[in-house]
Amino acid sequence: MSKESETDLLAAARARLAAGFADLPPVDTGIDSDRLKPVLFKVADRLADNFPYQHPLYVGQMLKPPHPLARLAYALAMEINPNNHALDGGRASSAMEKEAVAKLARMVGFETHLGHLTSGGTVANLEALWVSRELGQGRRRVLASSEAHYTHSRMSAVLGMDFTAVAVDCEGRMDLDALKTELQGGDVACVVTTLATTGRGAVDPLEEILPLAREAGVRVHVDAAYGGYFKLVAEGNPARERAFAGMGQADSVVIDPHKHGLQPYGCGAVLFRDPAVGWVYRHDSPYTYFSSGELHLGEISLECSRAGASAVALWATLELLPLEPGGEFAAGLKSCLNAALLLQAWVEKAENFVALAPPMLDIVVFGARADSATLASRRARDVFDAAAESNLHLALLELPRALAEPWWSGLEWDADTVTVLRCCLMKPEHEQWMPMITELLGEAGAATR
Ligand SMILES: *Cc1c(COP(=O)(O)O)cnc(C)c1O
């Protein structure tokens with residue numbers, strides 16, 4: 001195994017890229033390091049004012065370090081700074097985008113597809129809702145579970161669509177009876193199915209939602225911004241496996257490579273099963289000069305300028321780590337699942353904590369033991385602070401009573417919600433670090449008694 005440094009590797013790749021333009025007259029692009037260095041050092045000082053997102057003891061929000069290869073490929077692409085709006089602005093990177101997106105579509109189970117990268121899940125979901133409005137023949141209502149990402153209600157408002165939150169069961173999954181009732185209205189354009197929810201990693205029963213929506217003539221959009229890649233490791237939990245198996249029958253799917261796909265921000269993706277939705281995007285812009293007859297990504301995207309570098313980084317990552325069940329990338333996700341099961345098992349035995357619904361993916365949510373909801377919320381915040389003191393960084397989540405009560409016997413409900421602790425175990429290293437994470441958690445629990 002060769003251990004060239006990242007900077008040496010990048011320098012060698014930059015020289016190779018420059019050779020591709022060797023027939024041009026030289027331009028002096030030398031930098032004045034005397035001027036740059038003090039500013040760059042100031043930047044380093046400023047950036048140290050962050051939680052240590054890159055470290056395994058950070059288990060708080062959804063933050064996962066990009067793969068070193070993604071960082072290098074992104075930096076290399078900065079030599080060109082391509083724009084994937086039109087082929088003229090990013091010829092190579094547009095081709096790489098199409099190849100990377102095709103791999104995501106294959107993983108999802110789409111036999112045909114149309115899709116592209118976006119700056120993130122928000123715009124990707126907006127596009128899917130917009131297409132459902134355009135194809136909805138006057139139907140203008142969006143359904144998503146009450147645990148779905150808030151972007152769906154907000155974007156429905158942006159699109160002038162009505163939004164209804166569908167009730168969930170005590171595991172945070174969309175309730176099918178509530179869905180059936182809403183579908184009877186006859187005005188629904190789209191059911192958003194979340195795999196998995198941002199708060200607790202809950203997985204909606206897609207396999208049961210699909211036939212209900214089909215019968216009602218309603219589009220099914222899968223918001224898998226967070227959980228999409230878990231398609232590769234869905235087996236091992238029957239409910240999870242059944243839900244993810246339905247992905248290939250959805251009308252559209254959103255996956256964020258910048259969440260679990262080892263990519264820098266911002267890299268989201270929207271995928272449509274039927275390539276004919278391309279007509280919804282059609283436009284006739286006098287500003288964009290299309291120099292070839294091929295499909296331009298700018299013609300099937302609501303965003304105009306987009307970072308070609310994101311496509312380059314994703315393409316490189318998929319080249320190194322193919323999306324194969326049983327492959328190296330899948331093994332990394334599998335250890336995230338293992339980490340979650342280890343933590344859940346620990347919480348179930350811990351005297352200071354209360355286990356809630358078992359994790360479907362790699363997000364574990366649990367309560368801090370106390371007599372009442374108000375005291376439990378306060379104690380969760382104290383645990384959060386005490387853990388941070390010892391460099392273990394958690395997150396907090398406010399749970400509605402209905403989602404906590406069935407799991408939490410004996411709690412006095414003096415409030416409608418309870419604040420609980422949340423761990424996103426997104427790094428493959430989390431499995432190995434679990435003994436230290438639980439030790440620090442145990443100490444934080446004892447310190448807040
Ligand atoms: C993160 C997330 C989003 C929003 O995506 P961004 O990339 O943050 O814009 C939407 N839906 C789900 C389920 C998410 O987890």
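Read the numbers this way: they start at 1 and go in the same order the structure lists the ligands and their atoms. Hydrogens, waters and symmetry mates are skipped; everything else that's a heavy atom, side chains included, is used. We're numbering straight along the sequence, starting at 1.
- For the side-chain hydrogen bond (donor to acceptor under 3.5 Å, both in side chains) condition, the pairs that include at least one residue of residues 423-435, sequence neighbours left out, are N338-E431.
- Rounding to the nearest 0.5 Å gives a distance of 9.0 Å between CG of L126 and OG1 of T122.
- Considering backbone and side-chain N/O of G121, one or more are found under 3.5 Å from N/O of ligand 1.
- Annotation: H152 places no N or O atom under 3.5 Å from an N or O atom of ligand 1; distance criterion only.
- Atoms of ligand 1 lying under 4.0 Å from at least one heavy atom of Y226, given by number and element, are 15 (O).
- Using a 3.5 Å distance cut-off with no hydrogens or angles, the side chains of S252 and R219 do not pair a donor with an acceptor.
- A side-chain donor-acceptor contact under 3.5 Å links T317 and Q263.
- Here T122 has heavy atoms under 4.0 Å from ligand 1 in both its backbone and its side chain.
- Under a 4.0 Å N-O distance rule, the pair D382/R379 does not qualify as a salt bridge.
- Of all atoms in ligand 1, listed by their number and element, those nearer than 4.0 Å to a heavy atom of D256 are 5 (O), 6 (P), 7 (O).
- If you take OG on S119 and CZ on R306, they are separated by 9.5 Å, rounding to the nearest 0.5 Å.
- No part of V254 comes within 4.0 Å of ligand 1, judged by heavy-atom distances.
- In this view, E319 and K103 satisfy the salt bridge (Lys or Arg N to Asp or Glu O under 4.0 Å) rule, not counting sequence neighbours.
- For the atom pair CZ of R71 and CG of L262, the computed distance is 11.0 Å after rounding to the nearest 0.5 Å.
- Considering backbone and side-chain atoms alike, T151 places every N or O at 3.5 Å or more from each N or O of ligand 1.
- Ligand 1 has no N or O atom lying under 3.5 Å from any N or O atom of T197, backbone or side chain.
- Ligand 1 has an N or O atom lying under 3.5 Å from an N or O atom of D223, backbone or side chain.
- Residue-to-ligand polar distances keep H149 apart from ligand 1: every N/O pair is separated by 3.5 Å or more.
- Which parts of ligand 1 touch N125 is read off a 4.0 Å heavy-atom cut-off, strictly below it: atoms 10 (C), 11 (N).
- For ligand 1, the atoms closer than 4.0 angstrom to any heavy atom of T198 are 12 (C), 13 (C), 14 (C), 15 (O).
- Ligand 1 places these atoms under 4.0 Å from at least one heavy atom of H258: 7 (O).
- Of all the heavy atoms in D204 and G172, the pair that sits closest is OD1-O, 4.2 Å.
- With hydrogens left out, the protein atom closest to atom 2 (C) of ligand 1 is K259 NZ, 2.5 Å, a heavy atom.
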